[in-house]
Structure formats: C-alpha cells, structure tokens
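Structure first, then comments.
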Amino acid sequence: MRRWIIILGQHPGLSVEELLTFFSGRGIPYKCLDGSRDFLLLACDQDLPALMPVFGGVIKMAEWKVSVQRLEEIDDLFWTRELNFHQSIEGKFIFGFSQYGLHKQVQALHRQGLRLKKTFRDSGAGQFRLMANATGQLSSVAVAKNHMLNRELIFVRGSQGIHVGVTRVVQDFLSYGHRDYGRPERDTDRGMLPPKVAQMMLHFARLQSGKSVLDPFCGLGTILQEASLVSGLQVSGSDIDQTAVQQAQHNATWLAEQRGAPLPEIQTSSIDQLPIVWSGKKFDAIVTEPYMGSTAEVRSGLTLSQIKRWQTELSELYLQAFKKFELLLKAKGYVVMIWPIFHLGHELYDFPLLYPLQKSGWTYVTPLIRSSQWAVELSARGTLVYHRPGQIISREIVVWQKNIV
C-alpha cells in the first residue's frame with residue numbers, strides 16, 4: 001500500500017473520524033500506521049490527493065518518502081532529489097518545510113534550507129527562495145499562494161520515529177471561504193454551521209452517490225449545499241421558518257450557478273408535519289443542526305436557570321423530532337445531529353438523551369476513534385465535539401442508527 005502523511009485540522013478527532021468513516025463506509029482498505037494530534041500516517045492504495053476536496057478536516061496531504069530515527073539522517077541530497085531542485089523553471093524556485101512535533105529542530109531545518117538555497121544559487125542554477133517562519137509550520141494558504149505543491153517537505157514526529165514526505169495537495173481554502181462568506185444569504189444571529197463541519201457530518205452518515213439525505217432544520221442551507229456537492233446524492237431540506245426556507249433556496253440557486261450543483265428540494269415544515277410534507281419518501285440519512293436556543297440569551301450571558309430551561313425545552317423538541325425521524329428513515333438509516341453543550345464557568349451542561357433514545361429503539365453509533373489515541377478529543381461521555389475558543393456553546397455531534405423493528 002502507498003503511504004500518506006495527513007496533516008489534521010484543528011479538531012483532530014473529527015478529522016480522523018471523518019477519514020475512517022469515509023474509508024470503512026466504502027469498503028476501501030486502509031491501515032493506520034502512526035499518528036499524533038497533528039497527523040495520521042495512513043497506508044492506502046487510493047489516490048488520496050484526488051479525494052482532498054471531500055474532506056473537511058484535512059489541511060495537507062503529503063506522500064510519505066522515508067522514516068528515520070534522527071533528523072540528521074535527512075541529508076541535502078534527499079532535499080535536492082525529492083523537491084526536484086534540478087528541474088527547469090521560470091522565475092524563482094520557492095521551496096520550504098513544515099514540522100509537526102519537532103519544534104526544537106526548526107532552526108536546524110531552517111539552516112539546512114538556507115544552505116541548499118546558497119549552494120544552488122552560487123552554482124548559477126537560478127533563483128531560489130526558502131519559505132519558512134518561526135513556528136516551522138507553513139499554512140495551506142502560504143503553500144498554495146507560493147505554488148509550493150511538490151516543493152514542501154513535511155516532517156512529523158510519531159511514536160515510531162520521524163516520518164518525512166512531500167506535500168502533494170492542500171485544503172482549498174478559497175472554495176470553503178467562498179461557500180461560507182461568499183454566498184448571498186448569511187445570518188450571524190442564527191449561528192451558522194461551518195461548511196467543513198457540515199461536510200464531516202455527511203461522512204458520519206455514511207452517505208455516498210445514490211443515497212438520499214434530509215435536513216429537517218435546514219436554516220440557511222449549509223448542510224444542503226455541501227450535500228449537493230456530493231455526486232449522485234439526493235438532497236432534501238425543510239424548516240419551520242419560511243424566511244429561512246427562502247434564504248436556503250437562494251443559496252442553493254447561487255451554488256447551482258457557481259458550481260453546477262443540482263438544486264435540492266426544500267419545503268416549509270414543522271417537525272410535526274414532516275411525515276406529511278415528505279409523504280411517500282424514505283431517506284437513507286437525516287443530517288441536521290436543529291434549533292439550539294435563543295442567540296440573544298446566549299450573547300447576553302446564560303444563567304444556570306436559563307440553561308436548565310433550554311435543556312428541558314430542547315430535549316422535548318429533539319425527542320419529538322426522533323419520533324418523526326423514525327417514520328422517515330429507511331431500515332438501518334442514520335441520524336447525524338448536533339446537540340448543544342452549554343458552558344457556564346468551568347461547568348459543561350449537555351443533554352441527557354442517550355438513554356431515552358436507546359430505550360426507544362435507536363442504536364447509538366460509537367465513534368471509530370473511541371479506542372484510539374484520538375479518543376482524548378471526545379467528550380466525557382465519548383461523543384464527537386466541535387468547539388472554537390471563546391464559544392459558550394459547543395456542538396456535540398451524535399450519530400444514531402434506526403433499529404429494525
């Protein structure tokens with residue numbers, strides 16, 4: 001199998017879970033060889049760089065070249081050969097490196113890069129420029145804007161030594177930014193789901209071409225837009241708010257014009273009316289971020305009594321929703337849903353819904369990373385969580401499967 005060094009996003013647990021569910025759901029053979037909070041060394045015969053656009057949690061992919069015990073084993077000849085210093089180019093030859101877990105070796109790597117730059121410049125081979133910074137980690141933006149694909153060495157420290165590879169592809173930050181900030185309808189008061197997280201959730205639902213998905217709390221349509229970009233996926237959405245439905249339709253039309261994505265079917269519906277609105281349809285999965293409480297109350301500062309009230313009210317809404325989901329899902333269909341975790345000081349308040357749902361005929365799908373080194377990224381009760389610094393509400397991502405009755 002070919003080996004790949006995958007640089008993980010800010011939520012490495014989510015990143016690895018996305019990769020593993022993608023591979024296992026499609027029957028793609030793979031093997032995890034090593035990893036840390038920063039990277040995953042993966043053996044897989046798939047052309048992973050070609051799949052980069054489908055992964056929301058991957059920053060870079062590098063083709064593995066060698067594993068060593070000491071950094072000094074990577075000599076100048078290795079840099080020259082793997083980065084093709086002798087190739088004919090116009091303008092400057094820009095090259096660089098990024099390290100993960102080798103912070104103390106940044107200066108040594110920098111000195112080696114400068115020495116190579118001087119050697120080739122003095123030989124008259126052309127103009128050379130080393131891209132480097134104090135952290136020793138180049139962003140995907142820096143790599144892309146400086147045309148450094150195939151010209152960046154990746155060094156990662158794992159449990160089995162130092163793995164070295166060459167960057168083949170980086171995350172398309174422009175496309176994600178365009179789908180988030182460039183779409184015509186945005187509403188920060190609603191609390192918008194990042195497109196990358198929506199993309200991950202679709203993978204957690206084991207969705208692929210030929211399957212169908214419903215988002216019954218579609219809001220502005222972030223999940224719908226990401227689902228529409230999955231080739232051959234049948235996409236539907238609804239919301240109780242007519243204004244939100246119109247905004248989601250506007251965003252879907254815009255994406256169709258921008259990317260040629262098919263238009264999803266979007267309806268206005270309350271949770272109670274879902275079986276009527278979608279009468280005659282059965283979905284392979286439901287993927288959704290529901291209403292999670294008053295944004296105004298959150299911004300003004302939540303109190304314990306408010307949190308307790310939201311726990312009660314939202315628990316009733318979510319349990320009611322699952323009763324309707326059972327009528328809309330195919331046998332063994334998946335629900336991927338976000339539940340809020342409220343932060344008050346150092347205390348976290350989640351939703352005590354795991355047992356009631358298991359009792360009512362649903363199977364909780366345990367994250368694949370639960371028995372791995374990335375399990376530390378899970379919540380105290382073993383669920384996936386997305387959280388950004390400073391937020392007082394985290395997103396707990398739960399995956400359920402409908403039992404066969």
Side-chain angles (χ1 to χ4, degrees), residues 4 6-30 32 35 40 42 44 46-61 169 171-172 175-176 179-180 193-215 218 221-237 261 264 283-289 329-330 332-339 363-370 372 374-375 377-378 382-386 395-402:
W4 305 94
I6 298 172
I7 303 303
L8 307 172
Q10 294 182 349
H11 294 78
L14 291 178
S15 301
V16 176
E17 186 73 13
E18 177 186 30
L19 288 161
L20 301 190
T21 53
F22 180 89
F23 294 134
S24 61
R26 288 162 175 77
I28 298 174
Y30 71 91
C32 296
L40 171 65
L42 190 75
C44 180
Q46 291 284 315
D47 181 9
L48 293 191
L51 295 174
M52 183 65 157
V54 309
F55 296 123
V58 176
I59 303 302
K60 300 177 184 177
M61 287 186 183
V169 67
Q171 193 173 70
D172 189 349
S175 180
Y176 281 112
R179 299 199 312 262
D180 193 355
L193 183 70
K196 294 179 186 179
V197 179
Q199 203 172 26
M200 294 181 197
M201 292 173 66
L202 293 167
H203 288 312
F204 299 157
R206 282 68 173 172
L207 284 167
Q208 52 188 297
S209 180
K211 301 290 187 178
S212 58
V213 60
L214 170 69
D215 180 358
C218 71
T222 301
I223 290 174
L224 300 184
Q225 76 178 31
E226 296 307 308
S228 296
L229 294 173
V230 179
S231 177
L233 195 62
Q234 302 167 45
V235 185
S236 303
F283 300 94
D284 291 291
I286 291 172
V287 179
T288 191
E289 178 179 64
L329 278 178
K330 295 178 183 179
K332 300 186 75 173
Y334 289 94
V335 173
V336 179
M337 190 173 182
I338 287 175
W339 295 345
T363 298
Y364 175 68
V365 180
T366 302
L368 296 178
I369 65 167
R370 193 165 188 176
S372 73
W374 292 280
E377 300 294 326
L378 299 174
T383 54
L384 300 163
V385 177
Y386 175 80
R395 288 177 165 98
E396 182 180 28
I397 304 173
V398 292
V399 183
W400 294 89
Q401 189 171 29
K402 177 182 174 180

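Scope of the values below: all heavy atoms of this structure, side chains included, with no hydrogens, waters or symmetry mates. Keep in mind the model is a prediction, meaning the values are calculated, not measured.
In this structure, Tyr176 and Pro53 approach most closely via the heavy-atom pair OH-O, 3.8 Å. Considering all non-hydrogen atoms of both residues, Tyr30 and Cys44 come closest at CB-CB, 4.4 Å. The minimum heavy-atom distance between Glu18 and Gly56, with the atom names listed, is OE2-N, 2.9 Å. In plain terms, the two heavy atoms of Leu329 and Tyr334 that are nearest each other are CD2-O, 3.7 Å. Residues Pro264 and Ser228 approach most closely at CD-OG, 3.8 Å, considering heavy atoms. Tyr386 and Pro194 make their closest contact through OH-CG, 3.7 Å (heavy atoms, listed as atom of the first residue, atom of the second, distance).
Ile369 is listed as a side-chain neighbour of Leu384, based on a closest heavy-atom distance under 4.5 Å. Phe55 places none of its side-chain heavy atoms less than 4.5 Å from the side chain of Ile6. Between Val336 and Ile286 the shortest side-chain heavy-atom distance does not fall below 4.5 Å. Side-chain contact between Leu42 and Cys32: present, with at least one pair of heavy atoms (C-beta onward) separated by less than 4.5 Å. Considering only heavy atoms from C-beta on, Val16 stays 4.5 Å or farther from Ser372 through its side chain. Side-chain contact between Val399 and Thr21: absent, with no pair of heavy atoms (C-beta onward) separated by less than 4.5 Å. Side-chain atoms of Val197 and Ile397, non-hydrogen and from C-beta on, do get closer than 4.5 Å to each other. Residues Arg179 and Leu229 are in side-chain contact: their nearest non-hydrogen atoms beyond the backbone lie under 4.5 Å apart.
Residue Glu289 holds its CD atom at 4.5 Å from CG of Leu193, rounded to the nearest 0.5 Å. The distance from the CD atom of Glu226 to the OG1 atom of Thr222 is 7.5 Å, given to the nearest 0.5 Å. From Leu214, atom CG reaches atom CG of Leu224 across 8.5 Å, with rounding to the nearest 0.5 Å. For the atom pair Ser15 OG and Lys196 NZ, the distance stands at 9.5 Å (nearest 0.5 Å). The structure places SG of Cys218 at 9.0 Å from CD1 of Ile223, a figure rounded to the nearest 0.5 Å. Residue Leu19 holds its CG atom at 10.5 Å from CD1 of Ile28, rounded to the nearest 0.5 Å.
Applying the side chain to side chain donor-acceptor pair (under 3.5 Å) test to Thr366 and every residue at least two apart in sequence or in another chain returns nothing.
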Task: Derivation of the side-chain contact (heavy atoms from CB on, under 4.5 Å) call for Asp172 and Met52 - done: CA-CA 8 Å; Asp172 189 349; Met52 183 65 157; over 6 Å; no

Which pairs would a plain distance check flag for residues 201-211, meaning a side-chain donor or acceptor within less than 3.5 Å of a matching protein atom at least two apart in sequence or in another chain?
from	atom 1	to	atom 2	distance (Å)
His203	NE2	Val54	O	2.7
Arg206	NH1	Phe204	O	2.6
Gln208	NE2	Gly25	O	3.3
Ser209	OG	Ser231	O	3.3

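In this structure, Trp4 contributes its side chain and Met61 its backbone to no donor-acceptor pair below 3.5 Å. Listed for the Asp215 side chain is no donor-acceptor partner under 3.5 Å among the backbone atoms of Thr288.
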